[in-house]
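Right, one structure below, let's go through it.
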There are 2 protein chains.
Amino acid sequence: MNISDVANRTGLPPKTIRYYEEIGLVTPARAANGYRTFRDTDTHKLAFLGRARALGFSIEECRDLLALWEDQSRASGDVRAIAKEHLAGIEAKISALSAMRDTLSDLVDACAGDHRPDCPILKGLEGS
Amino acid sequence: MNISDVANRTGLPPKTIRYYEEIGLVTPARAANGYRTFRDTDTHKLAFLGRARALGFSIEECRDLLALWEDQSRASGDVRAIAKEHLAGIEAKISALSAMRDTLSDLVDACAGDHRPDCPILKGLEGS
DNA sequence: CCTTGACCTTCCAGTCACTGGAACCCCTAT
DNA sequence: ATAGGGGTTCCAGTGACTGGAAGGTCAAGG
(Lines give C-alpha, C1' and ligand atoms only; values in the text may rest on other atoms or scores of the structure.)
Protein backbone atom coordinates (compact mmCIF):
# COMPACT_ATOMS: atom_id res chain seq x y z
CA MET A 1 0.00 0.00 0.00
CA ASN A 2 1.15 3.47 -0.84
CA ILE A 3 0.87 6.42 1.45
CA SER A 4 -2.39 7.80 0.12
CA ASP A 5 -4.15 4.46 0.53
CA VAL A 6 -3.10 4.45 4.14
CA ALA A 7 -4.17 8.05 4.44
CA ASN A 8 -7.62 7.10 3.20
CA ARG A 9 -7.91 4.17 5.54
CA THR A 10 -6.66 5.90 8.64
CA GLY A 11 -7.94 9.39 8.02
CA LEU A 12 -4.46 10.78 8.65
CA PRO A 13 -3.05 13.15 6.04
CA PRO A 14 0.03 11.89 4.14
CA LYS A 15 2.09 14.70 5.60
CA THR A 16 1.27 13.53 9.08
CA ILE A 17 2.17 9.94 8.24
CA ARG A 18 5.55 11.05 6.91
CA TYR A 19 6.01 13.06 10.05
CA TYR A 20 5.20 10.03 12.20
CA GLU A 21 7.84 8.10 10.33
CA GLU A 22 10.33 10.92 10.82
CA ILE A 23 9.86 10.84 14.59
CA GLY A 24 10.03 7.06 14.66
CA LEU A 25 6.45 6.08 15.40
CA VAL A 26 6.22 3.90 12.29
CA THR A 27 8.88 2.45 10.02
CA PRO A 28 7.32 1.49 6.70
CA ALA A 29 9.41 -0.45 4.18
CA ARG A 30 10.56 1.11 0.93
CA ALA A 31 9.95 -0.08 -2.59
CA ALA A 32 12.72 -0.05 -5.20
CA ASN A 33 11.52 3.31 -6.46
CA GLY A 34 11.77 4.88 -3.03
CA TYR A 35 8.05 4.86 -2.32
CA ARG A 36 6.96 3.92 1.18
CA THR A 37 5.17 0.57 1.29
CA PHE A 38 2.90 0.03 4.25
CA ARG A 39 2.08 -3.38 5.64
CA ASP A 40 -1.05 -4.12 7.61
CA THR A 41 0.83 -3.73 10.87
CA ASP A 42 1.88 -0.21 9.85
CA THR A 43 -1.66 0.73 8.91
CA HIS A 44 -2.91 -0.76 12.13
CA LYS A 45 -0.41 1.24 14.13
CA LEU A 46 -1.33 4.44 12.34
CA ALA A 47 -5.01 3.85 12.98
CA PHE A 48 -4.18 3.33 16.64
CA LEU A 49 -2.24 6.59 16.63
CA GLY A 50 -5.07 8.42 14.96
CA ARG A 51 -7.52 7.32 17.63
CA ALA A 52 -5.17 8.06 20.49
CA ARG A 53 -4.41 11.52 19.09
CA ALA A 54 -8.13 12.15 18.62
CA LEU A 55 -8.50 11.46 22.33
CA GLY A 56 -5.93 14.14 22.95
CA PHE A 57 -2.96 11.99 23.90
CA SER A 58 0.31 13.77 23.16
CA ILE A 59 2.79 12.26 20.76
CA GLU A 60 4.96 11.11 23.66
CA GLU A 61 1.99 9.54 25.39
CA CYS A 62 1.15 7.84 22.10
CA ARG A 63 4.68 6.55 21.88
CA ASP A 64 4.32 5.03 25.35
CA LEU A 65 0.91 3.58 24.58
CA LEU A 66 2.22 2.11 21.36
CA ALA A 67 5.09 0.47 23.18
CA LEU A 68 2.66 -1.02 25.69
CA TRP A 69 0.37 -2.08 22.89
CA GLU A 70 3.19 -4.00 21.27
CA ASP A 71 4.43 -5.44 24.52
CA GLN A 72 2.59 -8.71 25.04
CA SER A 73 3.65 -8.89 28.65
CA ARG A 74 2.51 -5.42 29.64
CA ALA A 75 0.37 -4.88 32.67
CA SER A 76 -2.94 -3.14 32.12
CA GLY A 77 -2.14 -1.02 35.16
CA ASP A 78 0.61 0.76 33.21
CA VAL A 79 -1.81 1.74 30.50
CA ARG A 80 -4.41 2.75 32.99
CA ALA A 81 -1.93 5.05 34.75
CA ILE A 82 -1.18 6.92 31.53
CA ALA A 83 -4.85 7.18 30.69
CA LYS A 84 -5.79 8.40 34.16
CA GLU A 85 -3.13 11.05 34.17
CA HIS A 86 -4.26 12.20 30.77
CA LEU A 87 -7.84 12.23 31.96
CA ALA A 88 -6.87 14.49 34.84
CA GLY A 89 -5.20 16.83 32.36
CA ILE A 90 -8.32 16.95 30.23
CA GLU A 91 -10.47 17.68 33.24
CA ALA A 92 -8.18 20.51 34.27
CA LYS A 93 -8.46 22.01 30.80
CA ILE A 94 -12.22 21.73 30.90
CA SER A 95 -12.31 23.55 34.24
CA ALA A 96 -10.07 26.31 32.99
CA LEU A 97 -12.11 26.74 29.84
CA SER A 98 -15.36 26.69 31.77
CA ALA A 99 -14.09 29.48 34.00
CA MET A 100 -13.13 31.48 30.92
CA ARG A 101 -16.50 30.84 29.37
CA ASP A 102 -18.32 32.03 32.48
CA THR A 103 -16.34 35.24 32.76
CA LEU A 104 -16.57 36.00 29.09
CA SER A 105 -20.22 35.13 28.94
CA ASP A 106 -20.95 37.54 31.80
CA LEU A 107 -19.11 40.26 29.94
CA VAL A 108 -20.92 39.57 26.71
CA ASP A 109 -24.27 39.58 28.49
CA ALA A 110 -23.47 42.91 30.11
CA CYS A 111 -22.69 44.46 26.75
CA ALA A 112 -25.49 46.05 24.77
CA GLY A 113 -23.56 45.50 21.58
CA ASP A 114 -24.92 48.54 19.86
CA HIS A 115 -23.19 51.41 18.09
CA ARG A 116 -22.44 53.35 21.23
CA PRO A 117 -18.84 53.51 22.39
CA ASP A 118 -19.53 52.41 25.93
CA CYS A 119 -18.44 48.80 26.30
CA PRO A 120 -18.51 46.69 29.46
CA ILE A 121 -16.32 44.04 27.86
CA LEU A 122 -13.41 46.42 27.44
CA LYS A 123 -14.10 47.81 30.91
CA GLY A 124 -13.91 44.29 32.27
CA LEU A 125 -10.60 43.67 30.60
CA GLU A 126 -9.30 47.03 31.69
CA GLY A 127 -9.84 47.08 35.42
CA SER A 128 -8.84 44.26 37.67
CA MET B 1 9.72 52.11 35.06
CA ASN B 2 12.03 49.35 33.98
CA ILE B 3 10.88 46.08 32.56
CA SER B 4 10.95 44.07 35.79
CA ASP B 5 8.79 46.62 37.60
CA VAL B 6 6.22 46.27 34.86
CA ALA B 7 6.59 42.51 35.02
CA ASN B 8 5.78 42.62 38.72
CA ARG B 9 2.78 44.86 38.24
CA THR B 10 1.27 43.04 35.32
CA GLY B 11 2.28 39.50 36.13
CA LEU B 12 3.75 39.09 32.66
CA PRO B 13 7.32 37.77 32.42
CA PRO B 14 9.90 40.19 31.01
CA LYS B 15 10.47 37.88 28.07
CA THR B 16 6.82 38.10 27.16
CA ILE B 17 6.84 41.88 27.42
CA ARG B 18 9.82 42.08 25.07
CA TYR B 19 8.02 39.74 22.75
CA TYR B 20 4.93 41.96 22.82
CA GLU B 21 7.10 44.88 21.87
CA GLU B 22 8.67 42.89 19.07
CA ILE B 23 5.30 42.14 17.52
CA GLY B 24 4.15 45.71 17.95
CA LEU B 25 1.61 45.45 20.76
CA VAL B 26 3.45 48.00 22.89
CA THR B 27 6.11 50.54 22.06
CA PRO B 28 7.88 51.61 25.24
CA ALA B 29 10.32 54.51 25.09
CA ARG B 30 14.06 53.98 25.54
CA ALA B 31 16.37 55.57 28.05
CA ALA B 32 19.80 56.83 27.05
CA ASN B 33 21.37 53.56 28.17
CA GLY B 34 19.10 51.51 25.93
CA TYR B 35 16.79 50.31 28.72
CA ARG B 36 13.09 50.25 27.98
CA THR B 37 11.16 52.85 30.00
CA PHE B 38 7.49 52.14 30.46
CA ARG B 39 4.90 54.85 31.01
CA ASP B 40 1.60 54.26 32.73
CA THR B 41 -0.14 53.82 29.40
CA ASP B 42 2.26 51.04 28.47
CA THR B 43 1.74 49.29 31.79
CA HIS B 44 -1.98 49.74 31.42
CA LYS B 45 -1.92 48.22 27.96
CA LEU B 46 0.15 45.28 29.15
CA ALA B 47 -2.23 44.63 32.02
CA PHE B 48 -5.09 44.69 29.51
CA LEU B 49 -3.21 42.20 27.35
CA GLY B 50 -2.55 39.95 30.31
CA ARG B 51 -6.22 39.77 31.17
CA ALA B 52 -7.33 39.25 27.61
CA ARG B 53 -4.75 36.47 27.14
CA ALA B 54 -5.86 34.88 30.40
CA LEU B 55 -9.34 34.74 28.92
CA GLY B 56 -7.89 32.86 26.00
CA PHE B 57 -7.99 35.57 23.35
CA SER B 58 -5.34 34.99 20.70
CA ILE B 59 -2.66 37.58 20.09
CA GLU B 60 -4.45 38.78 16.96
CA GLU B 61 -7.73 39.06 18.83
CA CYS B 62 -5.88 41.01 21.50
CA ARG B 63 -4.48 43.30 18.84
CA ASP B 64 -8.00 43.99 17.61
CA LEU B 65 -9.36 44.49 21.11
CA LEU B 66 -6.51 46.83 21.91
CA ALA B 67 -7.24 48.89 18.81
CA LEU B 68 -10.89 49.10 19.80
CA TRP B 69 -9.92 49.95 23.35
CA GLU B 70 -7.86 52.86 22.13
CA ASP B 71 -10.46 54.01 19.64
CA GLN B 72 -12.72 56.44 21.46
CA SER B 73 -15.35 56.27 18.75
CA ARG B 74 -15.59 52.47 18.63
CA ALA B 75 -18.97 50.82 18.79
CA SER B 76 -19.48 48.31 21.57
CA GLY B 77 -21.01 45.98 18.98
CA ASP B 78 -17.59 45.48 17.39
CA VAL B 79 -16.11 44.35 20.67
CA ARG B 80 -19.07 42.16 21.41
CA ALA B 81 -18.72 40.43 18.04
CA ILE B 82 -15.11 39.48 18.75
CA ALA B 83 -16.01 38.31 22.24
CA LYS B 84 -18.97 36.27 21.03
CA GLU B 85 -16.95 34.56 18.37
CA HIS B 86 -14.28 33.76 20.88
CA LEU B 87 -16.89 32.48 23.27
CA ALA B 88 -18.19 30.13 20.60
CA GLY B 89 -14.65 28.84 20.09
CA ILE B 90 -14.27 28.19 23.80
CA GLU B 91 -17.56 26.37 23.92
CA ALA B 92 -16.55 24.20 20.98
CA LYS B 93 -13.33 23.29 22.78
CA ILE B 94 -15.23 22.44 25.92
CA SER B 95 -17.55 20.14 23.97
CA ALA B 96 -14.65 18.40 22.28
CA LEU B 97 -12.83 17.94 25.56
CA SER B 98 -15.96 16.69 27.29
CA ALA B 99 -16.44 14.08 24.59
CA MET B 100 -12.83 13.02 25.04
CA ARG B 101 -13.26 12.85 28.77
CA ASP B 102 -16.35 10.69 28.47
CA THR B 103 -14.74 8.23 26.10
CA LEU B 104 -11.55 8.04 28.06
CA SER B 105 -13.34 7.79 31.35
CA ASP B 106 -15.36 4.85 30.04
CA LEU B 107 -12.16 3.15 28.96
CA VAL B 108 -10.49 3.79 32.30
CA ASP B 109 -13.51 2.47 34.15
CA ALA B 110 -13.52 -0.69 32.05
CA CYS B 111 -9.88 -1.36 32.87
CA ALA B 112 -9.03 -3.37 35.93
CA GLY B 113 -5.61 -1.77 36.04
CA ASP B 114 -3.88 -4.75 37.52
CA HIS B 115 -0.78 -6.61 36.46
CA ARG B 116 -2.51 -8.76 33.89
CA PRO B 117 -1.80 -7.97 30.26
CA ASP B 118 -5.42 -7.74 29.18
CA CYS B 119 -6.29 -4.06 28.73
CA PRO B 120 -9.62 -2.62 27.54
CA ILE B 121 -8.06 0.79 27.01
CA LEU B 122 -5.69 -0.49 24.36
CA LYS B 123 -8.51 -2.55 22.90
CA GLY B 124 -10.62 0.56 22.67
CA LEU B 125 -7.88 2.43 20.88
CA GLU B 126 -7.23 -0.51 18.63
CA GLY B 127 -10.64 -1.31 17.15
CA SER B 128 -12.88 1.35 15.73
C1' DC C 1 6.97 7.27 -28.26
C1' DC C 2 5.34 11.31 -26.02
C1' DT C 3 2.64 13.71 -23.03
C1' DT C 4 -0.44 14.52 -19.34
C1' DG C 5 -1.72 14.28 -14.78
C1' DA C 6 -1.70 12.09 -10.56
C1' DC C 7 1.17 10.17 -7.65
C1' DC C 8 5.50 9.95 -4.85
C1' DT C 9 10.01 11.84 -2.81
C1' DT C 10 12.94 15.30 -0.02
C1' DC C 11 13.87 19.57 2.08
C1' DC C 12 12.90 24.12 3.87
C1' DA C 13 10.06 27.35 6.12
C1' DG C 14 6.16 28.74 8.75
C1' DT C 15 2.67 28.23 12.38
C1' DC C 16 1.59 30.10 17.79
C1' DA C 17 3.12 32.32 21.75
C1' DC C 18 6.39 32.20 23.97
C1' DT C 19 10.85 30.30 26.59
C1' DG C 20 15.77 29.19 27.50
C1' DG C 21 20.32 30.35 27.03
C1' DA C 22 24.54 32.71 25.62
C1' DA C 23 27.14 36.75 25.41
C1' DC C 24 27.49 41.13 26.63
C1' DC C 25 26.42 46.03 28.75
C1' DC C 26 25.05 48.97 32.87
C1' DC C 27 24.47 50.51 37.60
C1' DT C 28 25.01 50.46 42.55
C1' DA C 29 27.15 49.07 46.77
C1' DT C 30 30.99 47.47 49.16
C1' DA D 1 38.19 46.73 42.03
C1' DT D 2 34.70 43.71 42.28
C1' DA D 3 30.43 41.47 42.94
C1' DG D 4 25.66 41.28 42.20
C1' DG D 5 21.69 42.12 39.98
C1' DG D 6 19.66 44.64 36.63
C1' DG D 7 19.29 45.33 31.46
C1' DT D 8 20.17 44.37 26.16
C1' DT D 9 20.32 41.48 21.69
C1' DC D 10 20.14 37.37 19.08
C1' DC D 11 19.57 32.47 18.20
C1' DA D 12 17.34 28.20 18.85
C1' DG D 13 13.73 25.22 20.49
C1' DT D 14 8.98 23.92 21.81
C1' DG D 15 4.42 20.57 19.61
C1' DA D 16 2.50 18.68 15.98
C1' DC D 17 2.06 19.43 12.13
C1' DT D 18 1.27 22.12 7.38
C1' DG D 19 2.40 24.48 2.97
C1' DG D 20 5.12 24.80 -0.84
C1' DA D 21 8.92 24.14 -4.08
C1' DA D 22 11.64 21.15 -6.91
C1' DG D 23 11.97 17.01 -8.85
C1' DG D 24 11.40 11.61 -9.69
C1' DT D 25 7.74 7.80 -11.08
C1' DC D 26 3.89 5.56 -13.05
C1' DA D 27 -0.26 4.36 -15.86
C1' DA D 28 -3.26 5.74 -19.51
C1' DG D 29 -4.41 8.02 -23.82
C1' DG D 30 -3.18 9.88 -28.44
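Just so it is clear, the values below take in all heavy atoms, side chains as well, and ignore hydrogens, waters and symmetry mates. Numbered from 1 within each chain, the chains take letters A, B, ... in sequence-line order.
A donor atom on one side chain and an acceptor atom on the other are found under 3.5 Å apart for A:D71 and A:S73.
Salt bridge B:R116/B:D114: present, at least one basic N to carboxylate O contact under 4.0 Å. Of the charged side-chain nitrogens involved, at least one lies within less than 4.0 Å of a carboxylate oxygen, so that A:K123 and A:D118 count as a salt-bridged pair. Under a 4.0 Å N-O distance rule, the pair B:E126/A:K45 does not qualify as a salt bridge. At a threshold of 4.0 Å, the pair A:E21-A:R30 counts as salt-bridged, since one of the basic side-chain nitrogens sits closer than that to a carboxylate oxygen.
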Side chain to side chain contact (heavy atoms under 4.5 Å, CB included) assessment of A:S76 paired with B:I121: CA-CA 8 Å; A:S76 71; B:I121 296 173; over 6 Å; no
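B:L122 CG to A:L66 CG: the interatomic distance, rounded to the nearest 0.5 Å, is 9.5 Å. From A:Y20, atom OH reaches atom OG1 of A:T10 across 9.5 Å, with rounding to the nearest 0.5 Å. Here the CD atom belonging to A:E60 is positioned 11.0 Å from the CG atom belonging to A:L65, to the nearest 0.5 angstrom.
For DNA chain D, the outermost nucleotides in 5' to 3' order that have an atom under 4.0 Å from a heavy atom of chain B are D:dG6 to D:dC10.
Heavy atoms from other residues, nucleotides or ligands lying under 6.0 Å from CD of B:E70 number more than 12. Within a 6.0 Å radius of CZ in A:R74, other residues, nucleotides and ligands contribute more than 12 heavy atoms.
Five base pairs at each end of the helix from C:dC1-D:dG30 to C:dT30-D:dA1 define two local axes, and these are offset by 30° (rounded to 10°).
Every residue meeting the ring pair (Phe, Tyr, Trp, His ring centres under 6.0 Å) condition with A:F57, not counting sequence neighbours, appears here in chain and number order: A:H86.
Within residues 13-30 of chain B, the residues approaching DNA chain C are B:P13, B:K15, B:T16, B:Y19, B:Y20, by heavy-atom distance under 4.0 Å. Taking a 4.0 Å limit (strictly below) on heavy-atom distances, residues 31-49 of chain B reaches DNA chain D at B:G34, B:Y35, B:R36. Contacts between residues 3-10 of chain A and DNA chain C, counted as heavy-atom distances below 4.0 Å, involve A:I3, A:S4.
Proximity of A:S98 to B:I94: side-chain heavy atoms (C-beta onward) are separated by under 4.5 Å at one or more points. Under the 4.5 Å side-chain criterion, counting only non-hydrogen atoms from C-beta, B:M1 is not in contact with B:R36. Side-chain atoms of A:L107 and B:R80, non-hydrogen and from C-beta on, never get closer than 4.5 Å to each other.
Note: CG (B:L12) to C1' (C:dC18) measures 12 Å, nearest angstrom.
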